[in-house]
Amino acid sequence: MAQFEEVSKQSILHPKPAGLALQYGTAGFRSNSIHLDHIMFRMGLLAVLRSKKTKSTIGIMVTASHNPEEDNGVKLVDPMGEMLAATWESYATMLANAEQEELISALNEIIEKEGIDKSQEASVFVGKDTRSSSASLSQAVLDGVHALGGHSKDYGLVTTPQLHYMVCCKNTQGKYGDATVEGYYKKLCQAFTQLVGNASNCTDDQKHLCVDGANGIGALKLREMISHLNKGLQVTIFNDGSKGKLNHQCGADFVKVQQKTPTGIQVNPGDRCCSFDGDADRIVYYFADSQQVFHLLDGDKIATLISTFLKELLIQAGLNLKIAVVQTAYANGSSTDYLENTMNVTVRCTKTGVKHLHHAALEFDVGVYFEANGHGTVLFSKAAEDKIQQLAQDSRIDDERKRAALMLQSTINVINQTVGDALSDMLLIEAILAIKGMTVEQWDRIYTDLPNRQLKVKVSDRRVIDTTDAERRAVSPAGLQEAIDNLVKTYRKARSFVRPSGTEDVVRVYAEADTQESADALAHEVSLAVYRLAGGVGEEPKPLH
Ligand code: G16
């Protein structure tokens, strides 16, 4: 095949360092950017095969999201804008790790296994974040796409969710929206403006939001979006990339894990603030109270706010649709308790990784999914969308039902249903707060989080940790779960689990308990158990206090 000659020729320009092995993890490949050129080229090749197989446009995003600036990564986007199908993740790993001379046979293996028609046209959309390495790495992706004869469209600098959105728009022939950045802003902002039209007497103060852009792409794209907002929202952007380093002491991951205000932002009591992560697919909110005490409103609080709003609208509209919230083991125990026992909504727990939450959410009419780290969105089934649409057009219903149906319709349009999206989530949250006339303090008081702590432990090979029960229990190494169980018993309202990260070379430890001191002590003791039983490297974890 002539194309394979081109692949062989081009692959020499993107050589794989012999012996280097990387894994398609929680959200694609992530590593120091110097190791990734061959991976990018090969993911370009894989995207062409996936496009031929699905007869659809496939997306490739070059980003390492919350990871430090030196890292980079790549994720593939499937036809409806969702994450790459799990069965293809193993092809990605196989292709990435094939030695130089094995590359063509690895491609042939995928073609044969999947029965791919080589003559089928292929189309790939490519996007990148603001990392300095992203320009050359996205060029390597394009080289891979072209080497295998695929067509490409390079969107350049976009947020990850914007690229997911473009892929979905393209493959639905524009039904989901225009596959342009401008089209994205127009759809979301129009829906936002319609929604906030239901808010009465919003003062300029209430419309004001401070945004930490993590010194990344989210800040650039938010600036572009603001002009479409019709003054419905007033935004001050901090950490816009003009001086600080990407994700360094700022951004959603920093704020969530450190439970403190990012650097580069001035938070006055009463200010409503939020942080995006490096590729703007996560968002968390926070504020300082009159005593300057920091309060975090993470993905769990966001899920609660959104699901409460939707449930109320469904009741007002008289629609009998099943709503559920999907979380992971990181969800604060208080949030799960509130959702199940006060709000009476179904709650599901899945493994970490939006791909898992997304699939679970698809099982319901309205599936709200959020990871505690702020990554999430809402999915409406086709049947639910149809019912809402019909009701919104029904001239026989009373004003209250009509208003609720129209608000549900706008909510669907403001949401990016393809994946968690900081810009879209921000608009929805701001609209809900405005409509409910709710301050960030009132939102925070819906329930009180159990104090919690997240830590990381370095081990020589994190794959020695295997988990079950949606990552809530460790099955290996031997004795680890027993050690965790014994530690948890010594604290009140306590829970803890460990899991290998799929984006960083660490084991993550989560603990919650009745007081911050207890949560910190438990997290430290569990970290020590991991260090001792799972091959810790470097210094032993030290107590936090
Ligand atoms: C990615 C995934 C998230 C996941 C996070 C951390 O986020 O998309 O679903 O929660 O990594 O994963 P892990 O704990 O396995 O490292 P992002 O924002 O970095 O793309």
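As the structure lists them, so they are numbered: ligands from 1, and atoms in each ligand from 1. The shown structure was predicted, so the numbers you read here are calculated from the model rather than taken from an experiment.
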Nearest heavy atoms of [X] and [Y], plus distance in Å:
{"X": "A252", "Y": "D277", "value": "CB-N, 3.9 Å"}
{"X": "Y447", "Y": "S334", "value": "CD1-CB, 3.7 Å"}
{"X": "L209", "Y": "E430", "value": "CD1-OE2, 3.6 Å"}
{"X": "S527", "Y": "V509", "value": "OG-CG2, 3.8 Å"}
{"X": "A214", "Y": "G251", "value": "CB-CA, 3.6 Å"}
{"X": "D240", "Y": "N215", "value": "N-OD1, 3.6 Å"}

For [atom], what is the closest protein heavy atom, and at what distance to 0.1 Å?
{"atom": "atom 11 (O) of ligand 1", "result": "T503 CG2, 3.4 Å"}
{"atom": "atom 20 (O) of ligand 1", "result": "R30 NH2, 2.7 Å"}
{"atom": "atom 3 (C) of ligand 1", "result": "E371 OE1, 3.1 Å"}

Within the structure, does [X] bring an N/O atom to less than 3.5 angstrom of an N/O atom in ligand 1?
{"X": "N373", "value": "yes"}
{"X": "P500", "value": "no"}
{"X": "T352", "value": "no"}
{"X": "M83", "value": "no"}

Exercise for the section: Could you check D71 against R30 for salt bridge (charged side-chain N to carboxylate O under 4.0 Å, His left out), going step by step and ending with a plain yes or no? Expected result: CA-CA 7 Å; D71 284 0; R30 298 254 171 113; over 6 Å; no

Heavy-atom contacts with [X] under 4.0 Å: which atoms of ligand 1 show up? List them by number with element.
{"X": "H66", "answer": "17 (P), 19 (O)"}
{"X": "S501", "answer": "13 (P), 15 (O), 16 (O)"}
{"X": "S65", "answer": "17 (P), 18 (O), 19 (O), 20 (O)"}
{"X": "R282", "answer": "5 (C), 7 (O), 17 (P), 18 (O), 19 (O)"}
{"X": "G353", "answer": "9 (O)"}
{"X": "K75", "answer": "20 (O)"}
{"X": "A27", "answer": "1 (C), 2 (C), 8 (O)"}
{"X": "R508", "answer": "13 (P), 14 (O), 16 (O)"}

Dump the intermediate steps for salt bridge (charged side-chain N to carboxylate O under 4.0 Å, His left out) on R282 and D425, then the final yes or no. CA-CA 9 Å; R282 300 194 207 170; D425 290 339; over 6 Å; no

How does [X] reach ligand 1, if at all, at less than 4.0 Å between non-hydrogen atoms: by side chain, backbone, both, or neither?
{"X": "K351", "value": "neither"}
{"X": "D277", "value": "side chain"}
{"X": "T63", "value": "neither"}
{"X": "D253", "value": "neither"}

| Between Y24 and Y91, does the ring centroid distance fall short of 6.0 Å? |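 They do not qualify: ring centres at least 6.0 Å apart.
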
- Gap between atom NE2 of H359 and atom OG1 of T350 - 0.5 Å precision: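 With rounding to 0.5 Å, OG1 (T350) is 11.0 Å from NE2 (H359).
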
CA sep, side-chain torsions, deciding dist, call: K351, E471, salt bridge (charged side-chain N to carboxylate O under 4.0 Å, His left out) = CA-CA 6 Å; K351 283 162 76 170; E471 304 179 321; 5.6 Å; no

| message | For a side-chain hydrogen bond (donor to acceptor under 3.5 Å, both in side chains) check, start with the C-alpha distance between E224 and Y185, then their side-chain angles and the critical distance, and finish with the verdict. | response | CA-CA 8 Å; E224 285 175 14; Y185 296 139; 2.6 Å; yes

